[in-house]
Structures are given as structure tokens and as C-alpha cells.
Amino acid sequence: MKKILFLFITGLTVSASYSQDVSDALRFSQENLTGTARYRAMSGAFGAVGGDISSLSVNPAGSAIFNSNQVGFSFSNQNIKNKSSYFGPQTTDKENSFILNQAGGVFVFKNHNPNVKWNKISIGATYENTNNFNNEIFSSGTGTNSVDGYFLDYANYSNGGAPVPQEFVTLQPNETASDLYQYLGSNFPNGQYPNLSGFSAQQALLGNLGSIIAIDEANNPNSTYYTNVPKNGRYYQTNDIYTRGYNSKVSFNIATSYKDRLYLGANLNLHITDYRRSTNFYEYNNSPLQSNATISSISFNNDLYTYGNGFSFQLGAIGKVTDNFRLGVAYESNTWYELYDELTQSVYTTRQAAGGPILNANVSPDVVNIYEPYTLQTPDKWTFSAAYIFGKSGLLSIDYGIRNYGNAKFKPANAGFGGINNQIDNTLTSTGELRIGGEYKIKQLSLRGGYRYEGSPYKNGITVGDLNSYSAGLGYNFGSTKLDLAYSYLERKSKEAFLASPGFTNGANITSKLNNVTMTLLFEL
């Protein structure tokens with residue numbers, strides 16, 4: 001018989017495990033193109049160019065290209081439009097946000113002694129919003145599979161391939177849904193049930209208390225579960241995903257120059273993440289009423305909050321092959337995040353029998369699952385660059401970066417992450433990122449353009465597709481002050497799974513189009 005565990009703070013439960021999936025690892029491994037307007041207008045192709053505050057994020061040697069101190073601030077407006085296709089019908093959702101995109105400064109210290117070959121040292125500090133999570137995706141259509149498969153899969157197979165014991169999905173006298181939900185989250189896995197996670201047992205509990213699933217044999221402790229959802233193969237379903245938050249990076253830079261021919265630099269980076277995701281899945285079927293009460297509608301809500309910080313470093317070099325031609329190489333280490341997850345869930349259902357009343361179930365435990373902290377190691381990255389400088393009239397630059405997303409890993413290994421790490425290795429792949437940028441100067445006016453391509457991080461090329469982006473911009477040099485503007489357009493296709501479960505794999509095909517306008521104000525000191 002189970003015992004109820006009450007914590008000091010009512011409504012909170014501490015659990016050892018949560019159901020991470022591949023998309024969680026990818027979310028914090030990828031970065032959007034951010035930075036100054038000049039950097040964005042040239043699609044970030046600055047690995048061998050330097051001389052821009054945001055160039056430090058690609059190659060830390062870039063700060064040694066500066067000849068004077070510089071401080072800058074960038075503001076950005078992002079508009080994202082998501083077109084969703086789910087079993088035919090298309091829906092569209094938009095999200096608009098305005099943020100402080102970048103801020104930082106570089107300070108140059110020159111050595112005027114002609115006998116010293118290392119003639120310059122620069123230090124810098126920058127802040128960048130590397131990923132803006134503000135987004136909303138709405139999908140609707142008539143699916144052929146019911147969400148009951150999600151709850152059945154957890155109920156019948158999550159206990160080491162066996163059903164979840166009945167006592168963990170059935171309320172005892174004077175026991176509430178909050179009591180049992182909290183107990184499951186705090187006490188599993190344990191020595192008696194080493195293969196049953198608290199999260200898995202909670203999903204079975206929600207399904208049973210919501211009458212989505214039921215127990216086959218009430219007196220059989222090893223009984224399996226069956227569904228109360230009619231199997232007519234026609235289920236009207238909607239899924240609303242609402243996300244908020246950011247990934248940001250604070251970098252501390254140092255670089256040096258050898259005879260203005262070789263530039264070397266290093267960054268120490270502090271990463272901060274704050275991510276909130278609210279999902280509401282709704283399902284309705286209008287099957288003829290049967291003698292036993294059957295489910296006609298289901299609403300399943302999940303609110304996830306992930307937060308934490310991380311650390312990484314970068315090393316880079318830029319060499320002048322000639323006065324006009326430069327080559328660059330940069331290495332970005334893994335980022336080691338320490339992350340925390342909090343999750344709340346609720347289920348609402350409606351059921352009715354032929355000739356009987358409508359029965360509503362409201363399973364809202366009002367419990368916040370607080371999971372043990374864990375580490376995510378994102379993959380490292382190499383960037384190779386080349387640039388040609390046309391005197392004072394302009395430049396042409398190209399960067400190529402390589403990152404193996406399959407190297408992302410959750411840790412510690414003994415915390416049950418072996419399965420998801422194997423899935424990451426089998427699902428994600430190494431991909432290349434190409435950036436091309438150019439600039440042409442007409443006295444104080446600069447005209448810029450760029451193109452960016454990144455291959456799919458998935459081996460199937462479908463879950464998240466290839467990325468294509470175009471950019472343009474202009475800048476005006478007022479002397480000690482510079483004003484830059486940039487516009488960029490990005491398009492990417494993906495397949496958004498509604499719930500991470502083998503029992504319910506339905507998802508929508510999403511086409512995301514992102515428009516961004518950035519303004520930067522720079523001051524030379």
C-alpha cells in the first residue's frame with residue numbers, strides 16, 4: 001500500500017526524472033543569427049573580417065582588427081509567421097516581439113614600440129540574445145489516431161515493459177488526485193520499481209482519472225488498460241503551442257595582433273536560458289453513443305519551464321595572406337548547461353453513455369513537478385573563413401561552419417539518460433552552415449547583403465528541414481558615430497510532434513517564415 005508524502009511546500013514535488021526528447025537537446029544547441037545590424041546584413045559572414053562587435057561571436061580574434069575603441073547597442077524587431085498543415089487544413093499564426101538584441105564594447109591598447117612585434121591588445125565584453133523563443137503555433141485537423149494512445153502507452157509499457165500497478169492510478173478513500181500525483185512524482189523510480197519513472201506513472205494516472213483509459217481486470221494487479229475512446233478513426237484535433245523566453249550569452253574577449261598580420265583571440269562565454277512552453281491539445285469525436293460511457297472530448301494541458309546557465313569558450317585566429325586577402329579559423333567548445341525543469345499538467349474530459357447524462361472529469365492536480373537538475377552538453381563547432389578586402393571600397397566574405405548535433409548529450413549518465421542519448425545519436429547528424437556576405441562603400445554610405453544556408457540537423461531531413469536566409473542593409477558613418485540598419489528573412493520547414501510518445505506520434509507540417517529588422521548605434525571613443 002502506498003503512503004502519501006507531503007512536502008513542506010504544498011503543491012510542489014521533487015522528482016528524479018523527466019521525459020526529455022531530442023528536440024530539447026536541439027533547442028539549446030542551435031542559435032539564431034543575432035548581433036549588430038552590419039553583422040546581420042551580411043548574414044554573419046565575419047569569421048575572417050573582424051572589426052565588428054558581433055564578429056567576436058564567430059571568431060574572437062576579430063577584436064584585434066579594431067583600431068579604436070567602440071561601444072554599440074542593437075535593437076531588433078522579430079516577426080515570425082507559422083503556417084501549419086495537419087491532415088489537410090492549413091492554419092496560420094503570427095508572433096511579433098521587440099528586444100535588446102546586442103550590446104557591447106571593444107577597447108584597444110596599442111604598443112608603439114617598434115621593437116615589439118605584438119603591437120596590439122584588445123579586450124571586449126558583449127551581450128547577445130542568441131535565441132528568441134517568443135513564438136506561437138496553432139494546428140487543427142481531423143486525425144486518424146486518438147490521443148488515448150499516449151496514455152495507453154505509458155500505462156501499459158512504462159513499468160519495464162509491464163503495466164503500471166493499479167494502486168498507482170486509483171485513488172484510495174480520502175485521497176485526492178493532488179496527493180497521488182505528488183506521491184508518484186516524489187517516489188519513483190525506487191528499489192521496488194526501478195524501471196518506473198514518476199513522470200510515466202503520472203501520465204497513466206491522468207489517463208485513468210480522466211476516464212480516457214480504464215483497467216481491464218480490477219482484481220488483477222498485473223492487469224493491462226483499455227481505452228474509453230471510440231475507435232471510429234475520425235478525431236477533430238487542435239494543438240496550440242505558446243512559447244516565451246530567450247537564450248542569451250555574455251562574452252569576455254581578449255585578442256592580440258602580431259605585426260598586424262596575425263591575430264589571435266579567445267572568449268569566455270556565460271550562457272543564460274529561460275524557456276517557457278505552454279501546450280493545449282484538444283480532441284473531439286462525434287461517434288454514436290454506446291451503452292457504456294465513452295469519451296467525446298479531451299483537453300490535455302502541459303506547462304513546462306526550463307531555466308539554467310552554461311559555460312563555453314572560443315579560440316580563433318585570423319591571418320593576412322596578403323594586404324587584401326585574409327583567412328580565419330575558429331573553434332567553439334561544447335556548452336555545458338546546468339538546467340532545471342518544472343512541469344504542471346491537467347486533463348479535462350467529457351463522456352456520455354446512450355440515454356445517460358454528460359459526465360465531466362477535471363483532473364487538475366495543482367502540483368508543480370520540480371525535477372532534479374541535469375547537465376546538457378551541446379556540440380562543439382569549427383568555423384573556417386575567408387575574406388577579400390577591396391581597399392576602402394568594400395569586401396566579400398565567406399564562412400563555413402561544421403557542427404555535429406549528434407554529439408549533444410544529457411548527463412549524468414546514471415540518471416536514466418542513456419536511452420535519450422542513444423536516440424540523439426541515432427537521430428541527429430553533422431551539418432554544415434554556409435554564410436556569404438558583402439559590403440560596398442560609397443563615401444560615408446555602406447550597402448550590404450548576405451545569404452545563409454544551414455543543412456538539416458536530422459538524419460531524415462524532415463523533422464527540421466534545411467534553413468535558407470537572405471539579408472540586406474545599409475549604414476552611414478557620421479564620423480565618431482555610426483548608424484546601421486538591416487533586414488533579414490529566414491524560412492525553414494519542420495514537423496511538429498504534438499506529444500513525445502510512441503503511442504501518439506501525430507504532428508503537423510510547419511513552414512516558418514521569420515522577418516527581422518535590426519538597428520545599431522555605434523560610438524567610437
Side-chain angles (χ1 to χ4, degrees), residues 12 18-35 40 57 74-82 84 93-103 126-139 239-251 269-281 301-312 335-346 368-378 405 408 410 457 464 467 488 490 492 494 496-500 510 512-518:
L12 298 181
Y18 169 61
S19 182
Q20 277 83 15
D21 61 26
V22 175
S23 65
D24 295 317
L26 189 62
R27 179 183 308 117
F28 302 113
S29 298
Q30 289 184 306
E31 295 183 351
N32 284 336
L33 184 66
T34 59
R40 299 189 75 149
S57 65
S74 301
F75 299 90
S76 182
N77 179 261
Q78 174 178 290
N79 181 278
I80 186 167
K81 179 179 180 181
N82 297 298
S84 172
D93 228 330
K94 296 181 180 180
E95 182 63 37
N96 191 77
S97 57
F98 183 82
I99 61 171
L100 171 64
N101 180 68
Q102 180 271 346
T126 62
Y127 162 85
E128 288 192 16
N129 187 314
T130 58
N131 215 331
N132 180 1
F133 293 129
N134 294 353
N135 200 4
E136 187 167 1
I137 301 174
F138 178 77
S139 307
N239 192 63
D240 196 3
I241 304 172
Y242 183 81
T243 60
R244 283 293 181 271
Y246 60 88
N247 236 9
S248 64
K249 179 172 69 176
V250 177
S251 298
N269 306 315
L270 174 65
H271 303 258
I272 303 170
T273 189
D274 189 283
Y275 175 76
R276 299 175 187 268
R277 175 186 171 107
S278 296
T279 64
N280 173 257
F281 179 87
N301 307 301
N302 289 266
D303 294 304
L304 173 66
Y305 177 33
T306 300
Y307 57 96
N309 53 69
F311 169 82
S312 70
T335 299
W336 294 274
Y337 281 105
E338 183 177 38
L339 298 176
Y340 300 79
D341 286 343
E342 298 180 9
L343 177 70
T344 58
Q345 297 181 293
S346 61
V368 179
N369 289 306
I370 301 177
Y371 298 95
E372 293 287 347
Y374 59 95
T375 298
L376 172 64
Q377 177 185 301
T378 68
Y405 289 100
F410 288 102
V464 173
L467 178 151
S488 62
L490 179 152
R492 192 166 214 169
S494 61
E496 182 72 43
F498 295 158
L499 297 168
I510 310 296
S512 298
K513 299 180 180 181
L514 188 149
N515 293 275
N516 186 285
V517 176
T518 299

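This is a predicted model, so every value here is computed, not measured.
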Straight-line distance of S248 OG to E128 CD, nearest 0.5 Å: 10.5 Å
Residues which pass ring-ring contact (aromatic ring centres under 6.0 Å, His included) with Y127, listed by chain and number, not counting sequence neighbours: none
For the residue pair D341 and Q20, confirm or rule out a side-chain donor-acceptor distance under 3.5 Å. yes
Roughly how far, to the nearest 0.5 Å, is the CG atom of L514 from the CD atom of Q78? 4.0 Å
Test side chain to side chain contact (heavy atoms under 4.5 Å, CB included), reference I137, set N239, I510, D93, output is I510
In chain order, what residues pass the ring-ring contact (aromatic ring centres under 6.0 Å, His included) check against Y275, with sequence neighbours excluded? F133
For the student: nearest non-hydrogen atoms of R40 and L33, plus distance: NH2-O, 2.8 Å
Just checking, any donor-acceptor pair under 3.5 angstrom between side chains of N516 and T518? yes
Assess the side chains of T34 and N32: does a donor N or O sit below 3.5 Å from an acceptor N or O? no
Among residues at least two apart in sequence or on other chains, which ones pass side chain to side chain donor-acceptor pair (under 3.5 Å) with S312? N269, H271
Listing request: all salt bridge (Lys or Arg N to Asp or Glu O under 4.0 Å) pairs with a residue in residues 239-249, at least two apart in sequence or in separate chains. E95-R244
Which residue, T335, N247, T130, N131, forms the side chain to side chain donor-acceptor pair (under 3.5 Å) with T273? N247
Taking the side chain as every heavy atom from C-beta outward, state whether P457 and L26 have any pair of such atoms under 4.5 Å apart. yes
Main chain of G245, side chain of N134: is a donor-acceptor contact present, judged purely on distance under 3.5 Å? yes
Main-chain N/O of V464 paired to R492 side chain as donor or acceptor, under 3.5 Å: no
Judged by modelled atom types alone, do N280 and N301 share a side-chain donor-acceptor pair under 3.5 Å? yes
Show your working on side-chain contact (heavy atoms from CB on, under 4.5 Å) between N82 and S84 and close with a plain yes or no. CA-CA 6 Å; N82 297 298; S84 172; over 6 Å; no
Excluding sequence neighbours, so at least two apart, what forms side chain to side chain donor-acceptor pair (under 3.5 Å) with E31? none
Just how far is it from atom OG of S76 to atom CG of N132, taken to the nearest 0.5 Å? 8.0 Å
Interatomic spacing from OG in S74 to CG in L100 - rounded to 0.5 Å: 8.0 Å
Knowing that exactly one of Y337, Y340, Y371, F28 qualifies, which makes a side chain to side chain contact (heavy atoms under 4.5 Å, CB included) with T306? F28
Hey, could you give me the OG/CG distance between S494 and L467, rounded to the nearest 0.5 Å? 11.0 Å
Just so I know, are the side chains of T279 and I241 near enough to count as touching, which here means a heavy-atom distance under 4.5 Å? yes
Please tell me if the side chains of N302 and L343 come closer than 4.5 Å, counting only heavy atoms from C-beta onward. yes
Search all heavy atoms of D21 against all heavy atoms of A500 and return the closest pair with its distance. OD2-CB, 3.4 Å
Please assess I272 against Y307 for the test side-chain contact (heavy atoms from CB on, under 4.5 Å), listing each intermediate value before the final yes or no. CA-CA 8 Å; I272 303 170; Y307 57 96; over 6 Å; no
Will you find, in the side chains of Y305 and D274, an N or O donor that is under 3.5 Å from an N or O acceptor? yes
Would you please name every residue forming a side chain to side chain contact (heavy atoms under 4.5 Å, CB included) with K513, sequence neighbours left out? Y489, E491, T511
Which value, rounded to the nearest 0.5 Å, describes the distance between N129 atom CG and I99 atom CD1? 4.0 Å
